[in-house]
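See structure below.
Atoms considered below: every heavy atom in the structure, side chains included; atoms not considered: hydrogens, waters and symmetry mates.
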Amino acid sequence: MCGIIGIIAKDKKEALASITVQCLERLEYRGYDSVGIASIKNNQIEIRKAKGKLEEVVKKLNILSMSGDTFLGHTRWATHGEPTDYNAHPHTDCTNSIAVIHNGTIRNFNELKEELISLGHTFKSETDTEIIPHLIEEFKKRGMKNFEAFQSAVKAIQGTYAILAIIKDEENKIYFAKKDNPLVIGIADKMNFISSDIPSFLPYTNKIIILIDGDIGYITNKEVYIENFGKPVKIEDRTKIITWDASAASKEGFEHYMLKEIHESPIAVEDTISGMIAEIDKIKESVKLINSARRIIVTAAGTSYHAGLLFSILLQREGYNALPIIASEYYNLKTTEEDVILAISQSGETLDVIQAIKKFKQNGSSIISLTNIIESAIARESDVKLYTRAGPEIGVAATKTFTSQVAALMLLYNFISQKDYSYLSKIKEIIRYALNYQGEARLIGEELSTKNNAYYLGRGLSLPLAMEAALKIKEIAYLHAEAYPAGESKHGPIALVEKGFPVIFINDGELTEDLQNNVQEMKARKAITYGISVNKKLNTDKELLLTTDEKLSIFAIIPIIQLIAYYASVKRGNDPDKPRNLAKTVTVE
């Protein structure tokens, strides 16, 4: 979940300290609690790091005054050790000759730390990361050269990692290693980058190399060297040009990235559907696997799980044995070679999902994945790789990527059930129509911002949307909200309802009469009821009614629930792009 950037340049007029800070700003969506920068100059490593937001730390430590041709930058999301100045990355060896930044979790760090302490090493932090520079130091003491020592250190650790290291006697080289956490190289003119994500260096280059598990190597200002499990990699075969540009990662006049990205949903959905149809062989291969499967296990986390739950309901209605599983609970399920797994992840790097599919693969199950990042870690583990094409999403809370996931899964569902999918071409205009109700969504969001608790209730396909609505308002407005099947509410949740308790009904028009009964139950307890309805009214106290094609009614609801959460967040004075304690890409357990 941390943000990692390494930069090497020669004779660059622009100060690298400033470029490093800018790159970290574009990684802030990953969530963090501390910041650190390292540079090498005249064979000396300088490190400045502290707890806090990037802007505060840069100002407090005067980071822009740092100089050198090689920089590491890191934003840390605490796992081992509290968010403190001394736990912030980079970490160094005993002599401040080696500096390391790391994302991931090292499982055997306790035993390695004890061993290193017994050999005379002194630790200054509580982090698992600090063992890495000490391991490199130890292997160098034993006569190894720098790269060999780095390789030996990586071999010694168990767990997940994206690691960057600099060593003071090699001023123009950054070593790297990757396993289960993202790293991508950016190649520019006399200047190379290595980062957690592409948008960080996008203003400088769109020429990239996505690293895969087992990759280890180094970059200089004009060279990239990669080995994969000991075999040198041909750089030309891995190098790609991406079509994103820097403007795709800017706010373009919107107050927040989240609002911009909600408004980008129509294009994201259109690109997703056209992109999937352009690769129709992959859809047909997925359909073939699903139709021959004993069970279809749909696994994902957070927002992606809600998209998967909606897809599971659609398949269950067709008579398929579809089972939605929250990825982090993967160990409760035993799959077989007769099962097909559909793994969904926006980033394609979600560790819970990676662990789930690795286990299911060991059981012989086939894997279909749906991610937004080409050749992501999850895609690489998959038999069939499907992609949404939502473009970069900077806001931590998923918006256009969720809408794109639902659209992609609706397309797949139509192929599975052999139905005409041409009606999906209207999704774009339906979302744009719904966005016209931004003002009404704002009023609801601002009213909810004054509450401490809320229920979201739905039935059928509205239930996953109610769950997503509750998650979204929790994530960014910090408003406690729970979602239930509306029929379940009287089996417990209704006990909390009293005068003025807000209950928001999600009504896609399919089961309106059943929901109307639930509305009356809540009104009888003096709850204040809201309705987000399509085509049919619920007669709630306050109701937003949209009219559209009933087959696509869920796409009218999605932007509204996202906007409600957005405006509740803004009204409460929060930054919806950077919710506390959350990260865009969850790469730790």
Side-chain angles (χ1 to χ4, degrees), residues 306 309-310 313 397 434 437-547 553-554 556-574 576 579:
H306 299 147
L309 178 60
L310 190 146
I313 293 171
Y437 289 83
Q438 185 167 324
E440 287 82 351
R442 178 175 189 156
L443 289 175
I444 296 173
E446 290 182 349
E447 280 191 25
L448 291 177
S449 73
T450 64
K451 307 291 184 179
N452 295 320
N453 302 284
Y455 282 152
Y456 280 87
L457 303 183
R459 287 176 179 263
L461 295 180
S462 289
L463 176 59
L465 301 187
M467 295 171 70
E468 175 60 13
L471 176 66
K472 205 58 57 193
I473 205 164
K474 273 188 287 199
E475 285 181 314
I476 60 172
Y478 315 145
L479 191 158
H480 176 237
E482 301 297 336
Y484 290 96
E488 179 69 9
S489 60
K490 56 182 167 291
H491 295 285
I494 202 169
L496 295 183
V497 174
E498 57 187 3
K499 185 178 181 181
F501 190 101
V503 182
I504 303 98
F505 286 87
I506 307 299
N507 170 32
D508 66 356
E510 184 185 35
L511 295 162
T512 304
E513 291 182 1
D514 295 302
L515 281 171
Q516 284 171 339
N517 292 333
N518 300 122
V519 170
Q520 294 308 313
E521 291 167 357
M522 294 300 169
K523 280 188 173 182
R525 274 86 187 165
K526 302 189 183 305
I528 180 166
T529 57
Y530 297 83
I532 312 300
S533 295
V534 180
N535 296 335
K536 296 178 184 175
K537 287 194 75 173
L538 285 171
N539 297 316
T540 50
D541 297 312
K542 301 183 179 184
E543 189 158 8
L544 174 53
L545 178 67
L546 303 103
T547 55
S553 57
I554 57 175
I557 293 171
I558 292 172
I560 299 298
I561 60 177
Q562 294 171 345
L563 287 167
I564 288 172
Y566 170 78
Y567 283 114
S569 173
V570 172
K571 186 66 176 178
R572 285 189 165 202
N574 303 335

Pairwise distance [atom1]([X]) to [atom2]([Y]) - rounded to 0.5 angstrom:
X	Y	atom1	atom2	value
Lys451	His480	NZ	NE2	15.5 Å
Ser462	Leu511	OG	CG	7.5 Å
Leu545	Glu440	CG	CD	11.0 Å
Ile506	Ile532	CD1	CD1	5.5 Å
Gln516	Phe505	CD	CZ	10.5 Å
Asn539	Ser533	CG	OG	9.0 Å

[X] versus [Y], closest heavy-atom pair with distance:
X	Y	value
Ala397	Ile476	CB-CG2, 3.8 Å
Gly458	Ala466	N-CB, 4.1 Å
Asn535	Thr547	OD1-CA, 3.2 Å
Glu475	Tyr478	O-CE2, 3.3 Å
Tyr567	Ala441	CD1-C, 4.5 Å
Pro559	Ala434	CG-CB, 3.9 Å

Flag the pair [X] / [Y] as yes when at least one side-chain heavy-atom distance between them is below 4.5 Å, and no otherwise.
X	Y	answer
Ile564	Tyr530	no
Leu496	Asn453	no
Asn518	Met522	no
Pro579	Asn574	no
Lys542	Ile444	no
Met467	Leu463	yes
Pro493	Glu482	no
Leu465	Ile558	yes

Which of these, Leu461, Val534, Leu546, sits in a side-chain contact (heavy atoms from CB on, under 4.5 Å) with Ser553?
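So the option named by the test is Val534.
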Can you spot which of Asp514, Asp508, Asn507, Thr512 makes a side-chain contact (heavy atoms from CB on, under 4.5 Å) with Glu510?
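Exactly one candidate clears the test, Asp508.
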Count the heavy atoms of every other residue, nucleotide or ligand shown that sit under 6.0 Å from NZ of Lys571, and state whether that count exceeds 12.
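Not buried by this count: 12 neighbours or fewer within 6.0 Å.
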Without swapping roles, check the side chain of Arg459 against the backbone of Ala486 for a donor-acceptor pair under 3.5 Å.
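A pair under 3.5 Å: no.
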Side-chain donor/acceptor of Lys474 to backbone N/O of Ala481, under 3.5 Å
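At least one qualifying donor-acceptor pair exists.
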Take the angle between the ring planes of Tyr455 and Phe501 and call it parallel below 30°, perpendicular above 60°, tilted in between.
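Tyr455 and Phe501: tilted rings.
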Is it the case that the side chains of Asn517 and Gln520 hold a donor-acceptor pair, with the cut-off being a distance below 3.5 Å and no angle test?
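Judged by distance alone, the side chains do not pair up.
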Looking at Glu468 and Lys472, is any side-chain nitrogen of the basic one under 4.0 Å from a carboxylate oxygen of the acidic one?
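Looking at Glu468 together with Lys472, the answer is yes, because their closest N to O distance falls below 4.0 Å.
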